[in-house]
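Right, one structure below, let's go through it.
One-based numbering, in listed order, for ligands and for the atoms of each.
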Amino acid sequence: MVSIGAVSRIRETSAHWGTYLVEVSADGRDVVAARAHADDPDAAPAIGNVADAHRHRSRVARPSVRRRWLEDGPRPDARRGDPAEEYVEVDWDTALDLLARELGRVRSEFGNSAIFGGSYGWGSAGRLHHAQSQLHRFLNTIGGCTRSVGDYSRGASTVLLPHLIGARGTLDLRYKPASWADLAEHTDLLVSFGGVRRSNTWVVPGGHARHVGSDLARAVGRRTEVVALTAQRDDAFADLGAEWVGVMPGTDTAVMLALVHVLVVDRLADEEFLSAFTVGADEVRRYVLGETDGVPKTPEWAERISRTPAAAIRALAHRMAAGRTMVNVVYSLQRGEGGEQAIFAGLTLAAFLGQIGLPGGGFAHGFGSMGDYGVGVAGAPLPTFPQGTNPVPDFIPCARISDLLLHPGEEIPYDGTTVRFPRTRLAYWAGGNPFHHHQDLRRLRRALSTLDTFVVHETHWTPTARHADVVLPVAGTLERDDVAAGAGDSRLRAVPRVVPPRGEAREELWIYTRLAERLGADFAEGLDSRQWLERIYERWRAAPASPPAPPFAEFWRDGGVELPRKSYDDAVFTAFRADPVANPLDTPSGRIELFSATLAGFGLADVAGHARWREPTQWWGAPAAAEFDLHLLCNQPTHRLHSQLDMGAASRSTKVAGREPVRLNPADAAARGLADGDVALVRSPQGSLLAGVVVTDALLPGVAQMHTGAWYDPSAPEVADCVNGNVNVLTRDVGTSTLTQATSGAHVLVAVTRYDGPVPPVRAYEPPPFSR
Ligand SMILES: Nc1nc2c(c(=O)[nH]1)N[C@H]1C(S)=C(S)[C@@H](COP(=O)(O)OP(=O)(O)OC[C@H]3O[C@@H](n4cnc5c(=O)[nH]c(N)nc54)[C@H](O)[C@@H]3O)O[C@H]1N2
Ligand SMILES: Nc1nc2c(c(=O)[nH]1)N[C@H]1C(S)=C(S)[C@@H](COP(=O)(O)OP(=O)(O)OC[C@H]3O[C@@H](n4cnc5c(=O)[nH]c(N)nc54)[C@H](O)[C@@H]3O)O[C@H]1N2
Ligand SMILES: [Mo]
């Protein structure tokens with residue numbers, strides 16, 4: 001351990017990618033290095049980004065105001081986000097006065113629904129300084145805002161599943177699913193649609209004390225056979241020893257329906273289970289046999305759609321029926337057009353196998369998607385920062401942000417109801433990066449140009465901050481005291497400040513306290529952040545459901561408190577399986593609805609009462625595939641969380657030709673004259689980017705792959721919309737369906753060619769130009 005005198009220079013901290021150690025400089029002001037705990041069995045490489053990112057020149061140093069907004073006043077402006085837009089640095093009082101005045105103007109002229117405060121995003125770990133909770137509380141104290149519902153992670157599932165398995169079943173499928181240990185003990189065959197990715201388990205919302213995913217997976221790999229259906233061979237944990245079955249992106253529903261077809265035709269379906277625990281099996285049977293639409297969903301039919309060999313589908317159905325089988329559908333499958341159908345069909349397949357509610361059998365939705373999934377521990381309640389109530393009724397499904405701004409007054413269907421878009425004048429974003437998470441960034445830019453004012457709180461000059469009129473620099477996790485834990489965690493951790501805030505950055509609680517004062521509202525109830533920390537901790541400690549915990553001072557001194565490691569035997573499906581009459585699901589029938597009369601009653605063209613294959617516009621068989629002939633997977637990055645700390649060493653180590661890599665199959669690369677290290681121009685009807693080429697036989701022919709999260713760089717528009725490789729310039733901004741309205745960013749059809757012109761430098765991590 002490095003120390004000066006008695007003072008250690010090594011501090012522990014927590015992020016969504018884990019709990020790790022930070023070494024500070026001798027003067028205590030700077031981060032020198034960050035490294036994993038020696039006893040973390042599978043630490044995330046993202047730790048390697050922290051030190052560089054902390055002191056990077058892209059940190060927002062002072063409150064900054066876009067010069068044109070300052071001079072011309074709040075108004076729609078298509079130049080928002082132009083790399084040449086200048087900012088003026090101002091002192092805090094000036095920034096807060098300007099912003100308070102503008103919030104006051106919008107509130108009184110247009111009402112609070114003209115303020116969009118959805119502010120989707122992951123921000124950073126920590127229960128007090130949770131950026132969205134802070135922002136929502138602030139906006140609620142000044143009369144509320146238009147909000148957003150759902151998420152980009154499972155936005156289609158969380159709307160669909162309550163209709164099929166009830167709200168309680170949906171929660172348990174996330175927080176009390178079969179565990180990795182159940183798999184290792186009971187499961188003969190784990191069939192995963194989408195790879196069970198090790199790198200995704202490095203991340204847990206809120207972070208975990210230690211990473212347990214790879215140990216758990218190793219145990220499963222020893223006994224359980226694993227089949228991963230995906231377009232990427234290296235998509236599953238090496239430790240699982242998974243067999244790879246290729247499937248083209250967006251076509252799994254066809255394969256699942258064909259598996260059901262085989263179970264029905266070969267009399268392998270569990271009829272007793274279907275009649276006791278489900279409704280709608282008859283509708284499904286008629287559909288897969290082709291009685292309703294004249295198209296039997298045979299393995300040969302599915303092969304034509306998915307390119308998965310019919311013989312492999314037939315053999316897999318028989319293997320699945322022969323033992324204890326778990327059907328896992330990873331999150332990404334529902335992040336595409338018609339994405340909820342993959343969940344619907346996966347659940348239907350598991351129901352036809354009849355093992356839902358049995359140990360190690362049935363249906364899972366998250367192995368390999370998130371690090372807390374399947375740890376087998378019922379999450380303890382955690383401290384929360386109270387948000388107050390929002391009196392404004394308006395909301396949008398979160399992935400409809402561009403539609404909200406571009407189509408005020410219009411209505412969209414959503415979950416059987418209608419959502420009407422209010423006219424938005426001001427958007428306030430804290431803790432998210434829409435230029436990371438949203439689709440079709442050209443369209444998003446146009447949408448943001450309609451605002452009078454865009455306010456962003458950030459640690460760094462992200463592409464979103466570069467589109468803002470008012471940018472307020474905030475303290476990051478290393479710069480403030482907090483408490484942290486993730487679902488199913490072993491410890492509620494004290495996370496003390498490691499270094500003082502950089503530049504003039506302030507805690508968001510400080511900012512909102514002063515803004516609220518200026519607007520005649522009370523945000524903080526007279527408490528500072530240290531007092532708030534104690535308050536949320538003590539309120540948590542006093543709650544009846546909380547585990548025993550010491551008073552705050554003792555907790556802080558000890559660095560945390562252990563959380564109970566109680567496994568659950570009260571999951572909804574276990575009780576349901578034991579007695580479906582005494583313990584019904586909270587669905588209209590009390591059973592699993594393989595045909596939902598509610599969904600059928602919505603009368604939607606794109607979602608029926610049962611799982612159904614419907615050709616999306618984005619699949620390899622679509623007409624657009626003549627020109628855009630590669631199917632690009634856009635999935636989670638291994639060496640960072642989303643776009644966070646993309647300028648750090650670990651993330652940089654993955655770049656090729658100085659930008660985000662695009663992976664191509666050797667045949668596809670050869671046909672385009674591309675080799676490792678080349679720069680490729682990747683185009684879709686939505687936009688274009690430059691990427692560095694990696695040739696690999698881990699991909700199916702016809703499939704390319706890029707990670708999300710490279711910072712959007714529009715600095716050379718004559719070459720490409722983004723010269724740094726942000727996939728969301730390519731993706732389509734269409735809802736998953738008129739039922740679910742979630743993101744469909746998981747994949748997109750593209751054309752890839754060599755780029756031989758002069759390669760423009762990447763400017764994404766430069767701060768904007770400043771003027772006085
Ligand atoms: N094409 C495509 N797009 C996708 C996906 C995909 O698979 N394909 N995945 C989607 C998914 S699942 C998700 S969850 C989203 C993720 O999208 P986001 O959550 O928006 O992405 P992040 O990069 O985590 O953005 C968080 C931002 O918060 C900032 N931040 C950190 N701490 C604080 C804080 O304390 N206060 C404030 N004010 N800011 C802070 C960080 O600097 C960062 O810019 O992306 C979605 N987008
Ligand atoms: N290291 C790291 N871990 C993360 C994150 C991160 O940014 N970095 N983000 C976290 C977040 S917010 C979330 S929501 C989860 C997301 O968890 P997931 O959605 O499970 O993650 P992805 O990596 O997007 O997709 C997993 C794999 O699914 C495959 N896939 C994509 N589309 C299809 C398809 O149509 N069919 C089939 N069969 N396979 C397909 C891809 O090959 C991809 O590698 O990950 C979390 N974990
Ligand atoms: Mo997510």
Side-chain angles (χ1 to χ4, degrees), residues 15-17 44-46 53 119-126 129-132 134-135 151-155 192-205 228-232 234-236 245-253 255 306 329-336 339 342 366-371 399 429-439 456-460 462-465 472 474-477 479-480 507-508 619 631 633-646 699 703 705-709 711 726-728 730-731 743-748:
H16 295 304
W17 52 89
S119 190
Y120 180 79
W122 271 57
S124 46
H129 298 288
H130 179 248
Q132 279 75 19
Q134 295 272 339
L135 174 62
D151 59 34
Y152 280 68
S153 311
R154 297 189 313 140
S192 182
F193 292 89
V196 187
R197 283 172 74 82
R198 173 182 172 212
S199 58
N200 284 346
T201 68
W202 286 326
V203 164
V204 174
L229 292 99
T230 151
Q232 305 193 67
D234 52 2
D235 221 11
V245 175
V247 55
M248 289 298 280
T251 65
D252 305 77
T253 300
V255 175
S306 65
V329 181
V330 307
Y331 293 0
S332 59
L333 268 75
Q334 47 90 64
R335 240 182 272 123
F367 282 111
S369 293
M370 209 68 92
W429 226 286
N433 184 0
F435 281 85
H436 166 73
H437 65 240
H438 197 53
Q439 285 53 66
V456 171
H457 286 193
E458 257 297 350
T459 51
H460 290 76
T462 61
T464 298
L472 301 183
V474 300
T477 30
E479 299 164 338
R480 58 199 190 202
E507 289 178 358
E508 282 162 305
W619 66 300
H631 204 122
L633 289 169
C634 314
N635 69 308
Q636 313 304 313
T638 52
H639 284 58
R640 56 182 179 257
L641 172 65
H642 313 136
S643 67
Q644 296 192 32
L645 321 187
D646 184 30
L699 290 171
V703 176
Q705 183 260 332
M706 291 184 73
H707 289 310
T708 58
W711 283 25
N726 180 322
V727 289
N728 278 324
L730 305 170
T731 52
T743 173
S744 50
H747 30 79
V748 61

### Query
Going from CG on N635 to CD on Q232, what distance comes out if it is rounded to the nearest 0.5 angstrom?
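Between atom CG of N635 and atom CD of Q232 there are 5.5 Å.
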
Search all heavy atoms of [X] against all heavy atoms of [Y] and return the closest pair with its distance.
X: C634; Y: T731; answer: SG-CG2, 3.9 Å
X: V703; Y: L699; answer: O-CD1, 3.6 Å
X: Q334; Y: S153; answer: NE2-O, 2.7 Å

### Query
Contact residues of ligand 1 with a heavy-atom cut-off of under 4.0 Å?
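Contacting ligand 1 under 4.0 Å are Y120, G121, W122, G123, S124, A131, Y152, S153, R335, A430, G431, G432, N433, H436, H437, Q439, H457, E458, T459, T462, V474, R480, E508, C634, Q636, H642, S643, Q644, T708, N728, T731, G745.
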
Any atoms of ligand 2 less than 4.0 Å from a non-hydrogen atom of [X]? List them with their elements.
X: Q232; value: 41 (C), 42 (O), 43 (C), 44 (O)
X: R197; value: 23 (O), 26 (C), 27 (C), 44 (O)
X: T638; value: 1 (N)
X: P249; value: 34 (C), 35 (O)
X: L229; value: 38 (N)
X: T230; value: 38 (N), 42 (O)
X: V330; value: 20 (O), 28 (O)
X: G250; value: 34 (C), 35 (O)

### Query
Which part of V247 is near ligand 2, with near meaning a heavy atom under 4.0 Å away: side chain, backbone, both or neither?
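It is the side chain that touches ligand 2; the backbone stays farther off.
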
### Task
Flag S199 as yes when one of its N or O atoms lies below 3.5 Å from any N or O atom of ligand 2, and as no otherwise.
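Among all N and O atoms of S199, at least one is under 3.5 Å from an N or O of ligand 2.
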
### Task
Indicate yes or no for a side-chain donor-acceptor contact from D252 to the backbone of V247 under 3.5 Å, with no hydrogens or angles considered.
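No; zero donor-acceptor contacts below 3.5 Å.
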
### Task
If the plane angle is over 60° it's perpendicular, under 30° parallel, otherwise tilted; pick one for H642 and W122.
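Ring orientation, 0 to 90° scale: perpendicular.
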
### Message
For Y120 and Y152, take the angle between the two ring planes, folded into 0 to 90°, and tell me which bin it lands in: parallel under 30, tilted 30 to 60, perpendicular over 60.
### Response
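The arrangement is tilted - the two ring planes meet at 30° to 60°.
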
### Query
N433 versus S643: any side-chain heavy-atom pair under 4.5 Å?
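N433 reaches S643 side chain to side chain.
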
### Task
Report yes if some heavy atom in the side chain of H438 is under 4.5 Å from a heavy atom in the side chain of N728; otherwise report no.
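A side-chain contact under 4.5 Å is absent here.
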
### Message
Assess, by modelled atom type and distance only, whether the side chains of S744 and Q439 contain a donor and an acceptor separated by less than 3.5 Å.
### Response
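Distance-only check fails for S744 and Q439.
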
### Query
Taking only residues two or more places apart in sequence, or in another chain, which ones meet R335 in a side-chain hydrogen bond (donor to acceptor under 3.5 Å, both in side chains)?
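side-chain hydrogen bond (donor to acceptor under 3.5 Å, both in side chains) check on R335 returns nothing, list empty.
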
